[in-house]
A.B. asks: 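Structure incoming, see below.
These figures come from a predicted structure and were not determined experimentally.
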Amino acid sequence: MSLSLDKLRLLRRQAGDATPAPARDPAAATAGPVAATAVAERGSAGPGPSTGSLPPAANDARARTPAPSSVFAWVEQEIRHKPTGGAAPVTAATAPAPALRRPDVGGLHRLLGLRERGAAAAPAKPRANAQDRHVPGEEIAPGLFLIESFLPQPVPTQALSLAFARREGEQVHPRDLLFFDTETTGLAGGTGTRAFMIGAADWHAHPEQGDGLRIRQLLMTTMAAEAAMLREFAGWLQPGTVFSSYNGRCYDAPLLKTRYRLARQRCPITPLDHVDLLFPTRRRYRGTWENCRLATIERQLLQIVREDDLPGAEAPAAWLNYLRGGSAVNLRRVAEHNHQDVVTLSLLMLRLVEEERRERETLALAGD
């Protein structure tokens with residue numbers, strides 16, 4: 001609230017204060033707010049401490065300025081000595097703003113879960129409690145391991161009929177078949193799901209061990225190894241290759257096609273034939289057992305019992321735990337699970353072909 005000298009004089013007359021206003025002393029005016037403060041203290045609190053405790057300028061102004069005889073005189077004196085020009089006192093509003101802190105870009109990246117360019121290729125630091133980081137197979141590219149094994153067994157010599165898959169009159173040569181299965185980071189699909197392992201099995205003539213089933217598995221231990229894994233898998237395929245899987249037509253194959261597109265590589269899967277064993281298995285054995293999952297089919301139909309098998313639902317956690325520096329124990333169990341899957345596919349194919357042949361022979365004899 002501002003109070004002018006005219007209003008102050010009017011208030012003094014109304015209050016009956018006839019004390020003349022003290023003349024403004026130029027020296028007191030130049031003393032600044034320190035002298036005014038001293039006068040205010042003297043007028044309100046009476047005689048104060050000795051002038052020796054005040055600055056020299058304040059003492060001179062105090063000596064030249066008569067003590068106000070009333071509160072009106074003190075207020076008028078305050079108005080007269082109020083600074084009207086010069087440098088304004090520094091307040092919080094006029095204080096210079098503090099310098100902006102330089103943003104921590106690395107901290108923002110860590111907060112958002114982003115990685116620096118090229119950081120994905122760096123191997124994860126092992127945890128203090130991770131004693132076992134051994135990954136099976138041979139590292140054929142940075143972060144990409146190839147696991148190979150061979151099961152000696154007789155290889156079918158005649159073409160296999162696809163009548164069990166409702167493909168009448170079609171046959172496939174046994175050595176053209178490629179049984180494959182993937183282990184992925186999730187079951188949702190889409191561009192956010194990766195295949196961190198690809199397992200494949202085919203009938204092969206080994207130069208030393210003879211005929212048998214060759215199993216090859218690709219395992220990537222870093223995100224940056226995906227492009228190399230896709231190129232290696234494409235090198236296993238020939239123009240006459242026929243895929244065989246268990247629900248791979250609806251899940252594994254579309255997932256790999258997406259990864260090839262995202263990696264800007266030519267997709268070798270689209271032009272190849274595909275025999276999915278899930279659908280003929282369902283048609284033949286639906287209602288016989290509690291479900292038609294591959295683990296159930298191999299246990300009930302093929303009499304295969306797995307020991308210490310890691311469920312497929314735990315495979316994503318095992319791989320992500322390894323990437324974060326954890327143990328490789330469960331990751332090796334994932335590789336064993338995938339190995340058994342592709343071996344089971346080859347046995348299931350032969351069993352379905354044999355069951356279809358036997359059924360047709362029975363019907364033919366019954367017709368005669």
Side-chain angles (χ1 to χ4, degrees), residues 155-156 158-184 187-191 193-204 213-218 226 229-263 265-286 292-295 297-298 301-302 312 337-357:
V155 176
Q158 297 180 353
L160 303 177
S161 172
L162 298 181
F164 70 92
R166 293 185 176 178
R167 296 172 59 171
E168 298 292 338
E170 296 186 35
Q171 296 180 339
V172 59
H173 194 279
R175 296 183 186 272
D176 290 337
L177 284 169
L178 185 72
F179 306 96
F180 84 104
D181 182 52
T182 63
E183 305 298 335
T184 64
L187 299 177
T191 57
T193 304
R194 299 170 181 261
F196 64 87
M197 175 178 285
I198 303 176
D202 61 338
W203 282 299
H204 179 69
L213 189 68
R214 176 179 57 178
I215 300 98
R216 292 174 290 179
Q217 297 168 278
L218 294 172
E226 183 180 37
M229 181 181 69
L230 295 175
R231 284 193 297 268
E232 181 69 18
F233 181 67
W236 296 354
L237 308 179
Q238 303 296 328
T241 298
V242 178
F243 285 118
S244 183
S245 64
Y246 204 78
N247 199 35
R249 181 184 291 275
C250 298
Y251 182 75
D252 301 86
L255 175 64
L256 290 178
K257 292 177 183 179
T258 300
R259 302 317 302 179
Y260 273 107
R261 285 194 294 268
L262 293 177
Q265 298 184 22
R266 184 186 65 83
C267 177
I269 298 176
T270 303
L272 300 181
D273 193 8
H274 194 144
V275 181
D276 198 321
L277 303 181
L278 171 63
F279 306 105
T281 302
R282 278 181 177 173
R283 286 193 298 267
R284 181 173 292 273
Y285 299 107
R286 179 178 299 173
C292 288
R293 295 175 57 244
L294 185 61
I297 294 299
E298 70 178 8
L301 183 64
L302 305 176
H337 175 90
N338 181 265
H339 175 278
Q340 185 59 53
D341 280 350
V342 294
V343 172
T344 297
L345 289 177
S346 66
L347 299 176
L348 181 58
M349 166 71 83
L350 295 179
R351 182 60 178 267
L352 292 175
V353 171
E354 179 63 21
E355 290 289 337
E356 182 69 20
R357 184 190 65 78

A.B. asks: Quick check for you: to the nearest 0.5 Å, what is the distance between His339 atom NE2 and Ile215 atom CD1?
C.D. replies: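 Output value for this atom pair is 4.0 Å.
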
A.B. asks: Just by distance, do the side chain of Arg249 and the backbone of His274 share a donor-acceptor pair under 3.5 Å?
C.D. replies: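 At least one qualifying donor-acceptor pair exists.
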
A.B. asks: Checking side chain to side chain contact (heavy atoms under 4.5 Å, CB included) for the pair Leu160/Met349: CA distance, chi angles, key distance, verdict?
C.D. replies: CA-CA 9 Å; Leu160 303 177; Met349 166 71 83; 4.2 Å; yes

A.B. asks: Taking distance alone, no hydrogens or angles, what donor-acceptor pairs closer than 3.5 Å link side-chain atoms of residues 169-177 to residues at least two apart or in another chain?
C.D. replies:
from, atom 1, to, atom 2, distance (Å)
Glu170, OE1, Arg167, NE, 2.9
Glu170, OE1, Arg167, NH2, 2.6
His173, ND1, Arg175, N, 3.2

A.B. asks: Please assess Leu294 against Thr344 for the test side chain to side chain contact (heavy atoms under 4.5 Å, CB included), listing each intermediate value before the final yes or no.
C.D. replies: CA-CA 8 Å; Leu294 185 61; Thr344 297; 3.8 Å; yes

A.B. asks: Give me the atom names and distance for the closest heavy-atom approach of Pro280 to Ala165.
C.D. replies: CB-CA, 4.4 Å

A.B. asks: Assess whether atom CD of Glu168 is packed by more than 12 heavy atoms of other residues, nucleotides or ligands within 6.0 Å.
C.D. replies: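 Counting other residues, nucleotides and ligands, CD of Glu168 exceeds 12 neighbours.
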
A.B. asks: Look up atom CD in Glu298 and atom CG in Leu348, then write down how far apart they are to the nearest 0.5 Å.
C.D. replies: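 So the CD of Glu298 and the CG of Leu348 are separated by 9.5 Å.
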
A.B. asks: Taking all heavy atoms of Ala195 and all of Leu255, pick out the closest pair and write down the distance.
C.D. replies: CB-CD2, 4.2 Å

A.B. asks: Do we see a donor-acceptor contact under 3.5 Å between the side chains of Asp252 and Ser245?
C.D. replies: no

A.B. asks: Taking only Lys NZ, Arg NE, NH1 and NH2, and the carboxylate oxygens of Asp or Glu, determine whether Arg351 and Glu354 approach each other closer than 4.0 Å.
C.D. replies: no

A.B. asks: Going through the checks in order, is the side chain to side chain contact (heavy atoms under 4.5 Å, CB included) test met by Arg216 and Phe180?
C.D. replies: CA-CA 9 Å; Arg216 292 174 290 179; Phe180 84 104; over 6 Å; no

A.B. asks: Where do Cys292 and Leu278 come nearest, in terms of heavy atoms and distance?
C.D. replies: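 Looking at all heavy atoms of both residues, the closest pair is O-CD1, 4.2 Å.
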
A.B. asks: Give a yes or no on whether the ring-centroid distance for Trp203 and Phe179 is below 6.0 angstrom.
C.D. replies: yes

A.B. asks: If you take all heavy atoms of Pro156 and Leu350, which pair is closest and at what distance?
C.D. replies: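 Nearest pair, atom of Pro156 first, then Leu350: CG-CD2, 3.7 Å.
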
A.B. asks: A side-chain contact here means heavy atoms from C-beta on lying under 4.5 Å apart; do Leu256 and Phe233 qualify?
C.D. replies: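 SC-SC contact between Leu256 and Phe233 confirmed.
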
A.B. asks: Between the side chain of Tyr260 and the main-chain N/O of Leu230, is any donor-acceptor distance below 3.5 Å?
C.D. replies: yes

A.B. asks: How many angstroms lie between atom CG of Leu352 and atom CG of Leu347, to the nearest 0.5 angstrom?
C.D. replies: 11.0 Å

A.B. asks: Can Asp341 and Glu183 be said to form a side chain to side chain contact (heavy atoms under 4.5 Å, CB included), step by step?
C.D. replies: CA-CA 11 Å; Asp341 280 350; Glu183 305 298 335; 4.0 Å; yes

A.B. asks: Taking atom CG of Asn338 and atom CE of Met197, what is their separation to the nearest 0.5 Å?
C.D. replies: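 If we round to the nearest 0.5 Å, Asn338:CG and Met197:CE are 5.5 Å apart.
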
A.B. asks: Would you give the length of the straight line joining atom CD of Glu356 to atom CZ of Phe164, rounded to the nearest 0.5 angstrom?
C.D. replies: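 Reported value, rounded in 0.5 Å steps: 8.5 Å.
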
A.B. asks: Please give me the minimum heavy-atom distance between Val342 and Gly199, naming the atom from each residue.
C.D. replies: CG1-O, 3.6 Å

A.B. asks: Say you draw a straight line from CG of Leu277 to CZ of Arg282; how long is it, rounded to the nearest 0.5 Å?
C.D. replies: 12.5 Å

A.B. asks: With distance as the sole criterion, is a donor-acceptor pair present between the side chains of Thr184 and Tyr251 under 3.5 Å?
C.D. replies: yes

A.B. asks: Looking only at non-hydrogen atoms, find the nearest pair between Asp276 and Cys250 and report the distance.
C.D. replies: OD2-N, 4.3 Å

A.B. asks: Which one of Asp273, Ile269, Leu272 satisfies the side-chain contact (heavy atoms from CB on, under 4.5 Å) criterion with Thr241?
C.D. replies: Leu272

